[in-house]
Amino acid sequence: MGSFQALRGTRDVLAPEISYWQWVEQVARQQFAQAAYQELRTPIFEETALFARGIGEATDVVGKEMYTFPDRKNRSLTLRPENTAGVVRAYIQNKLAAQGGVQRLWYTGPMFRYERPQGGRQRQFHQLGAEVIGSKDPRADAEVIAIATDLLKQLGLTTLTMDLNSVGDASDRQAYRQALVDFLTPYKDDLDADSQDRLTRNPLRILDSKDKRTQEIIVDAPSILDHLSPESQSFFDRVQQLLTDQDISFTLNPRLVRGLDYYTHTAFEIQSSDLGAQATVCGGGRYDGLVEQLGGPATPAVGWAMGLERLMILLQKLHAPPSSPMDFYVVSRGDGAEAQALKIAQALRRQGFATELDLSGSAFGKQFKRADRSGAVACLVLGDSEAESNTVQLKWLQSGEQITVNQSTLLEDAASLRQQVTQARSTHSG
RNA sequence: GCGAGCGUGGCCAAGUGGUUAAGGCAGUGGAUUGUGAUUCCACCAUUCGCGGGUUCAAGUCCCGUCGUUCGCCCCA
């Protein structure tokens, strides 16, 4: 072959699809700004130990999905598989706690996990995430969830469902873990192989096994919700109440267990039925122990992350790509005219008009055909005679009306030109 | 990491061992060397993801490999 191709599980995002990405970023940026969240950008690779300690040694992500490599000084580095650990590291390192109060943060960027690629799952994928660090108020949970649901709604995704659970605090979990192990041990031989393995390592994960027989057994298993301390229970009740007050609907799912060890109390997932096996679009929850776990002061926190590739799959099914149509298409022929055409195109752009310049030098007929297809509202035509008289033909493509304008006066009244463009466009679409 | 399916030009494809590899869309040039439609003409795969094998003969069968899709797994 001899040519290169993007590595397995990575891909290029090109023209029509990219506009969905830009749209999502724009909507998110605006929403976060309105809610007083600051964007932060953290490095794409970090010390391996950050993830191992933050996410948990026993998790699948750390155990078998990380891109880990030695650098030239033989330090173990890892391409971030998620960004909460990195954000918390940044919070600690930059002493954001010292600023007092609550830190509201958001980010977007690539993440890396070595998994078998599948629809909605790549090795390099992108997340958009929000973290609220420094508040133990259940309103923080409700706010951060509301921002996620509002964002999705604003993107037109209205058929998503949310599962909600509480995994309690560390001691609730400890007690529940024991109860679960006690319950499952007699059935050990009937569990699927993965679940048997998890019985000692990470028993809570057995709850979302998809194995039929395991599921039958789990039906009667004790529920985490029966093992919450009174404090955890009332916290969870409050979160639910706050969500209901905002008309955010959810389904209580006591078997929802998140795969990363740092979660405490609130856990939630937003899912779509249009994504096959990779149904989760957004997932998150509270992680009150993580800041301390990573060497900072004991600090409560909540957050979530959205999978952008999955979001794009849904958006592409839902609507046509958001387009940004051209205002002008500049057609020219002949040396003098072509040079003037470039100058005019740049002048229009400086005034804020979206302007495409035809560089083909082909016959006017061909250029007009392209002008038509470009979606531009108007066409500017320069040939030898225009070049000589320093004029330009302004042709409105919808009506076919064409007038001669002096090049120097074309942009004299940009506001009125803008108005004409807007009007021509609205009669076109109306 | 495991299982199954698929891989023909930029896109959608026909083709199921006997050939010169259909067709459509898009693109480029021309009929029309200064005006968008339609129409017409021409060009656009020495080759069927890649490598090897079987056969007189392979896009078609076999093996390997790469990619991709679906499920498991995992999670966003």
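Chain A is the first sequence line, chain B the second, and so forth, proteins listed ahead of strands; every chain is numbered from 1.
Taking atom CG of residue A/Leu394 and atom C1' of nucleotide B/U35, one finds them 14 Å apart after rounding to whole Å. Counting to the nearest Å, the P atom of B/U35 and the OH atom of A/Tyr329 are 17 Å from each other. For the pair A/Gln124 CD and B/A76 P, the interatomic distance rounds to 17 Å; values are reported in whole Å. Here the C1' atom of nucleotide B/C2 and the NZ atom of A/Lys210 are 15 Å apart, to the nearest Å. Taking atom CZ on A/Arg80 and atom P on B/A76, their separation rounds to 14 Å, with Å as the unit. Residue A/Asp60 contributes atom CG, which lies 11 Å from atom P of B/C73 at whole-angstrom precision. Between A/Arg310 atom CZ and B/A76 atom P there is a gap of 8 Å when expressed in whole angstrom units. Atom P of nucleotide B/U35 and atom CG of A/Asp384 are separated by 14 Å, given to the nearest angstrom.
Contacts of A/Phe69 classified as ring-ring contact (aromatic ring centres under 6.0 Å, His included), with partners at least two apart in sequence or in another chain: none. Every residue two or more places apart in sequence or in another chain that forms a side-chain hydrogen bond (donor to acceptor under 3.5 Å, both in side chains) with A/Asp163 is listed here: A/Asn253. Judged as a ring-ring contact (aromatic ring centres under 6.0 Å, His included), and not counting sequence neighbours, A/Phe236 has no contacts. A search for side-chain hydrogen bond (donor to acceptor under 3.5 Å, both in side chains) contacts involving A/Thr108 returns nothing, not counting sequence neighbours.
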Watson-Crick or G-U pairs under 3.5 Å in RNA chain B, rendered as dot-bracket with [ ] for crossing pairs and | for another strand: ((((((((.[[[..)..(....]]].(((((.......))))).....[[[[[..)....]]]]])))))))....
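Here A/Gly120 lies in heavy-atom contact (under 4.0 Å) with a base. Among the protein residues, A/Gln271 comes within range of no part of the nucleic acid, since none of its heavy atoms lies under 4.0 Å from any strand. A/Glu65 comes within 4.0 angstrom of the backbone, heavy atoms only, and of no base. Contacts of A/Glu82 with the nucleic acid, taken as non-hydrogen atoms under 4.0 Å apart, are absent. Note on A/Gly383: a base of the nucleic acid sits closer than 4.0 angstrom, heavy atoms only.
Between B/A21 and B/G15, the distance separating the two C1' atoms is 8 Å to the nearest Å. Going from the P atom of B/U20 to that of B/C2 covers 43 Å, rounded to whole Å. B/G9 and B/A13 have their C1' atoms separated by 11 Å, with the value rounded to a whole Å. With P as the reference atom, B/U60 and B/U47 are 15 Å apart, rounded to whole Å. Rounded to a whole angstrom, the distance from the P atom of B/C25 to that of B/C40 is 10 Å. Spacing of P atoms, B/C72 relative to B/G51, comes out at 35 Å, to the nearest Å.
Only A/Gly400, A/Gln402, listed by number, bring a heavy atom of residues 399-410 of chain A to less than 4.0 angstrom from any atom of RNA chain B. Within residues 366-380 of chain A, the residues that place at least one heavy atom under 4.0 Å from RNA chain B are, in residue-number order, A/Lys366, A/Phe368, A/Lys369, A/Arg370, A/Asp372, A/Arg373.
Each of A/Phe364 and A/Ser360 lies near RNA chain B, and the nucleotide nearest A/Ser360 is the one positioned closer to the 5' end.
Residue side chain A/Gln398 does not reach the base of B/G36 through any donor-acceptor N/O pair under 3.5 Å, judged by distance alone. Donor-acceptor pairing under 3.5 Å, judged by distance alone, is absent between the side chain of A/Ser362 and the base of B/G29. For A/Lys64 against B/G1, a side-chain-to-base donor-acceptor contact under 3.5 Å is absent.
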Donor-acceptor contacts, no H, no angles, side chain residues 380-387 of chain A, under 3.5 Å, sequence neighbours left out:
unit_1	atom_1	unit_2	atom_2	d
A/Glu386	OE1	A/Gly383	N	2.8
A/Glu386	OE2	A/Gln393	NE2	3.1

Contacts under 3.5 angstrom, residues 316-326 of chain A side chains, donor-acceptor by atom type, not counting sequence neighbours:
unit_1	atom_1	unit_2	atom_2	d
A/Gln316	NE2	A/Met312	O	3.3
A/Lys317	NZ	A/Asp274	O	2.9
A/His319	NE2	A/Leu155	O	3.1

For a quick test of your reading: what N or O donor-acceptor pairs under 3.5 Å do the side chains of residues 127-142 of chain A make, sequence neighbours left out?
unit_1	atom_1	unit_2	atom_2	d
A/Glu131	OE1	A/Tyr287	OH	2.5
A/Glu131	OE2	A/Thr84	OG1	2.8
A/Ser135	OG	A/Asp137	N	3.1
A/Asp137	OD1	A/Arg139	N	2.7
A/Asp137	OD1	A/Arg139	NE	3.3
A/Asp137	OD2	A/Arg139	NE	3.1
A/Asp137	OD2	A/Arg139	NH2	2.9
A/Asp141	OD1	A/Arg286	NE	3.1
A/Asp141	OD1	A/Arg286	NH2	2.6
A/Asp141	OD2	A/Thr266	OG1	2.7
A/Asp141	OD2	A/Arg286	NE	3.0

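Between the side chains of A/Glu25 and A/Trp21, no donor N or O sits under 3.5 Å from an acceptor N or O.
With a 6.0 Å radius and a threshold of 12 heavy atoms from other residues, nucleotides or ligands, A/Gln419 has its CD atom at or below the threshold. Other residues, nucleotides and ligands contribute only 12 or fewer heavy atoms inside 6.0 Å of the CZ atom of A/Arg41.
A/Arg123 forms a cation-pi arrangement with A/Tyr114, by the criterion of a distance under 6.0 Å to the ring centre and an angle within 45° of the ring axis.
Taking the six-membered ring for Trp and the full ring otherwise, the centers of A/Phe32 and A/Trp106 sit less than 6.0 Å from each other.
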Table of protein N/O atoms under 3.5 Å from nucleotides 6-13 of chain B N/O atoms:
none

Which atom pairs link the protein and nucleotides 64-69 of chain B when you take only N or O atoms and keep those under 3.5 Å?
unit_1	atom_1	unit_2	atom_2	d
B/C66	O2'	A/Gln5	NE2	3.4
B/U68	OP2	A/Arg8	NE	3.4

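The side chain of A/Arg258 lies closest to B/A76 when the candidates are B/A76, B/C73, B/G36. For A/Tyr263, whose side chain is taken as the heavy atoms from C-beta onward, the closest listed nucleotide among B/C73, B/G34, B/A76 is B/A76.
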